[in-house]
Engineer: 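My structure is below; once you've seen it, I'll send some questions.
All values derive from a computational prediction rather than experimental measurement. Remember, it's 1-based here, ligands and their atoms both numbered in the order they're listed.
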Amino acid sequence: MTSPAPGTVCVLGAGGFIGSHLSEGLLRAGRRVVGVDRESAKVEHLLGNPAFDFRRFDVRDAAQVNRAVADAAAVVNLASLCNPSLYSTRGLEVVESNYLAALPAIRACRERGRPLVQFSTCEVYGRTLASYLPEGSPAREDPSLWVLSEESTPLVLGPVDRTRWSYAAAKQLLERVIVAEGKERGLRWSIVRPFNFLGARMDYLPGVEGEGTPRVLACFLAALLRGEPLPLVDGGQARRCFTAVEDAVDATIRILDRPGPANGLVFNVGNPANETTIADLAVRMIRAWEEATGDRWAHGTRSVPAAEFYGEGYEDSDRRVPDIARARKVLGWEPRLPLDQVLRAVVGDAVRVHGARLPG
Ligand code: UGA
């Protein structure tokens, strides 16, 4: 078996939002990257870099995955369909992409002795225990019922007819397979549970760069650029801890730099200081748009029922606040970028590229 160049990282899903930022970060840190994806639009700017070996194939192709893993010293698997608008409408593809399609990489890492960093999701936590208590119940304030800890929080998904949870269930099963591979067959692994990463190149502008419903940042950007009210699903009362993708890349590289201490651990990667409601995210994005354009926003927001926006079977995660004590201790990691700074950069760029108004 030939040894790969030390420091070479195989990034499966390098052409996606996180993968493109991680590839950039690794190259900046002097690493070589074997980047795998079916698409290259988000990494066009890296294709001429001699340290970026881009290979265009589908991660379900076990033979090609095996070769890419063999050519690297460590593997990060990001390949995934991870957009909530697909969970209820294309459930089979979502389960295939998030469970079955990840198995060849796990097998290759185990057989070739490469450490695997598998991206999972904060969505495996499902709904908080607090959300099952009556409104106004004082016990709802108890942080142990809503702060999400890798070690102690149970994973609470809804019934199977709430098809939104198919994605979380697939990722949860994947995590359990990885844990068992480590225990029974010696796979070296770490798992990342991302909490709503935000940044440039996230998803696509519907009607311009793709079709369908992307995640909330791109939905709101599209509404801002078209001069339409921002859609708040069920009034936008769900809460998220938005995390700058730059902070997330920093955490991931710290895991790769610490294969010993990070082995066999799940890491929450999120910024608890950036917690907000989706309605407040809309207010902040409108403010960023006003700063970028110098205009006053006159179109407001509108509430849309979840069943109308996503179709039947949608159920929301109410609140997702990560306990990041483990990432702080093992990785020496601290998320740094405040939400408004990220939003100003993303909204400002979109206004510069597309102008203040896209045709509706
Ligand atoms: C999604 C994925 O399921 C996770 O796996 C992924 O890790 C996560 O995004 C993430 O980015 O980390 P979710 O937070 O529900 O989970 O994704 P969004 O589509 O960004 O929705 C966030 C909230 O905004 C939800 O409450 C949704 O109902 C709401 N929303 C979305 C709106 O109010 N308006 C929109 O136009 C879009």
Side-chain angles (χ1 to χ4, degrees), residues 13 16-18 21 78-88 90-91 94 97-98 118-127 131 148 155 157-158 162-172 174-175 191-199 201-206 212-226 228-245 247-248 251 268-271 274-286 301-311 313-322 342 346:
F17 161 56
I18 304 171
H21 285 276
L78 289 147
S80 160
L81 287 183
C82 55
N83 175 342
S85 71
L86 307 176
Y87 303 167
S88 300
R90 289 163 57 193
V94 167
S97 146
N98 287 290
Q118 173 65 52
F119 270 65
S120 178
T121 174
C122 60
E123 211 158 307
V124 293
Y125 292 110
R127 297 185 59 83
S131 73
L148 307 173
L155 311 181
L157 307 183
R162 279 351 103 71
T163 44
R164 189 248 162 79
W165 303 115
S166 57
Y167 165 74
K171 285 286 203 198
Q172 190 190 134
L174 183 66
E175 288 195 15
I191 288 172
V192 172
R193 292 184 182 156
F195 283 68
N196 291 79
F197 298 170
L198 289 189
R201 302 192 292 273
M202 186 172 187
D203 295 337
Y204 56 89
L205 276 182
T213 305
R215 284 171 290 184
V216 67
L217 180 82
C219 287
F220 285 0
L221 269 182
L224 287 170
L225 295 173
R226 294 207 165 91
E228 293 169 359
L230 278 58
L232 302 178
V233 173
D234 288 340
Q237 291 315 300
R239 304 174 77 88
R240 298 287 187 270
C241 287
F242 292 102
T243 307
V245 72
D247 282 330
N268 284 340
V269 173
N271 189 339
N274 280 346
E275 192 191 17
T276 193
T277 62
I278 301 303
D280 179 62
L281 177 75
V283 170
R284 290 167 186 253
M285 287 185 71
I286 288 170
T301 58
R302 68 185 166 99
S303 182
V304 197
E308 187 184 307
F309 195 82
Y310 288 113
Y314 182 79
E315 187 171 73
D316 211 346
S317 288
D318 53 309
R319 186 174 194 188
R320 309 202 288 225
V321 179
V342 179
V346 171

Engineer: Considering only the protein, which heavy-atom contact is closest to atom 26 (O) of ligand 1, and what is its distance?
Structural biologist: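 Ranked first by proximity to atom 26 (O) of ligand 1 is Asp316 OD2, 2.5 Å.
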
Engineer: Check ligand 1 against Thr121 and write out every atom of the ligand that is under 4.0 Å from a heavy-atom position of the residue.
Structural biologist: 4 (C), 5 (O), 7 (O)

Engineer: Give the contacting part of Phe242 toward ligand 1: side chain, backbone, both or neither, where contact means a heavy-atom distance below 4.0 Å.
Structural biologist: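 Neither; nothing of Phe242 gets under 4.0 Å from ligand 1.
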
Engineer: Check whether any side-chain heavy atom of Phe242 sits under 4.5 Å from a side-chain heavy atom of Val342, and report yes or no.
Structural biologist: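 Side chain of Phe242 against side chain of Val342, heavy atoms only: no contact under 4.5 Å found.
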
Engineer: Indicate yes or no: at least one non-hydrogen side-chain atom of Asn274 is less than 4.5 angstrom from one of Thr243.
Structural biologist: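 Side-chain contact under 4.5 Å: no.
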
Engineer: Give the minimum heavy-atom separation between Val94 and Leu86, together with the two atoms involved.
Structural biologist: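 That would be CG2-O, 3.7 Å.
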
Engineer: For ligand 1, which atoms have a heavy atom of Leu232 less than 4.0 angstrom away?
Structural biologist: 33 (O)

Engineer: Nearest protein heavy-atom contact for atom 31 (C) of ligand 1: which residue, which atom, what distance?
Structural biologist: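 Sorting protein heavy atoms by distance from atom 31 (C) of ligand 1 puts Tyr310 OH, 3.2 Å first.
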
Engineer: Answer side chain, backbone, both or neither: which part of Arg164 comes under 4.0 Å from ligand 1, heavy atoms only.
Structural biologist: side chain

Engineer: Can you tell me which portion of Val216 lies within the under-4.0 Å heavy-atom range of ligand 1? Options are side chain, backbone, both, or neither.
Structural biologist: both

Engineer: side-chain hydrogen bond (donor to acceptor under 3.5 Å, both in side chains) with Glu275: which of Arg320, Arg239, Arg240?
Structural biologist: Arg239

Engineer: Using a 4.5 Å cut-off on heavy atoms from C-beta on, say whether the side chain of Lys171 contacts that of Cys82.
Structural biologist: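 No, too far: nothing below the 4.5 Å cut-off.
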
Engineer: With no hydrogens and no angle check, just 3.5 Å: does a side-chain donor-acceptor pair link Arg164 and Tyr310?
Structural biologist: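 Side chains of Arg164 and Tyr310: no pair found under 3.5 Å.
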
Engineer: Under a 4.0 Å heavy-atom limit, does Asn196 contact ligand 1 with its side chain, its backbone, both, or neither?
Structural biologist: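 Both backbone and side chain.
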
Engineer: Would you mind running through ligand 1 and noting each atom that sits below 4.0 Å from a heavy atom of Cys82?
Structural biologist: 2 (C)

Engineer: Any idea which atoms of ligand 1 are less than 4.0 Å away from a heavy-atom of Glu123?
Structural biologist: 1 (C), 2 (C), 3 (O), 4 (C), 5 (O), 16 (O)

Engineer: Can you check whether Tyr167 reaches Ser80 side chain to side chain, under 4.5 Å on heavy atoms?
Structural biologist: yes

Engineer: Answer whether the closest heavy-atom distance between the side chains of Ser85 and Pro214 falls below 4.5 Å.
Structural biologist: no

Engineer: Counting from 1, what ligand 1 atoms have a heavy atom of Ala238 closer than 4.0 Å?
Structural biologist: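 By the 4.0 Å cutoff, the relevant atoms are 26 (O).
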
Engineer: Who passes salt bridge (charged side-chain N to carboxylate O under 4.0 Å, His left out) against Glu315, sequence neighbours left out?
Structural biologist: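 Partners of Glu315 under the salt bridge (charged side-chain N to carboxylate O under 4.0 Å, His left out) test: Arg162.
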
Engineer: Using heavy-atom distances, let me know which of Arg320, Arg215, Arg240 sits nearest atom 16 (O) of ligand 1.
Structural biologist: Arg320

Engineer: Are any of the N/O atoms on Pro231, whether in the backbone or the side chain, positioned under 3.5 angstrom from an N/O atom of ligand 1?
Structural biologist: yes

Engineer: If only side-chain N and O atoms count, and only distance matters, is there a donor-acceptor pair under 3.5 Å linking Asn268 with Tyr125?
Structural biologist: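 Short answer, yes.
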
Engineer: Which residue owns the protein heavy atom closest to atom 28 (O) of ligand 1, what's the atom, and how far is it?
Structural biologist: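 Answer, as residue, atom name and distance: Tyr314 OH, 2.9 Å.
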
Engineer: Considering non-hydrogen atoms of the protein only, which is the closest contact for atom 17 (O) of ligand 1, and what is the distance?
Structural biologist: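 For atom 17 (O) of ligand 1, the nearest protein heavy atom comes out as Pro84 CG, 3.6 Å.
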
Engineer: Relative to the heavy atoms of Cys219, which atoms of ligand 1 are at a distance of less than 4.0 Å?
Structural biologist: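 That gives atoms 35 (C), 36 (O), 37 (C) of ligand 1.
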
Engineer: Among all protein heavy atoms in this structure, tell me which lies nearest to atom 33 (O) of ligand 1, with the distance rounded to 0.1 Å.
Structural biologist: Val233 N, 2.8 Å

Engineer: Side-chain contact test, heavy atoms from C-beta onward, threshold under 4.5 Å: evaluate it for Tyr87 versus Glu123 and give yes or no.
Structural biologist: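 Side-chain contact under 4.5 Å: yes.
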
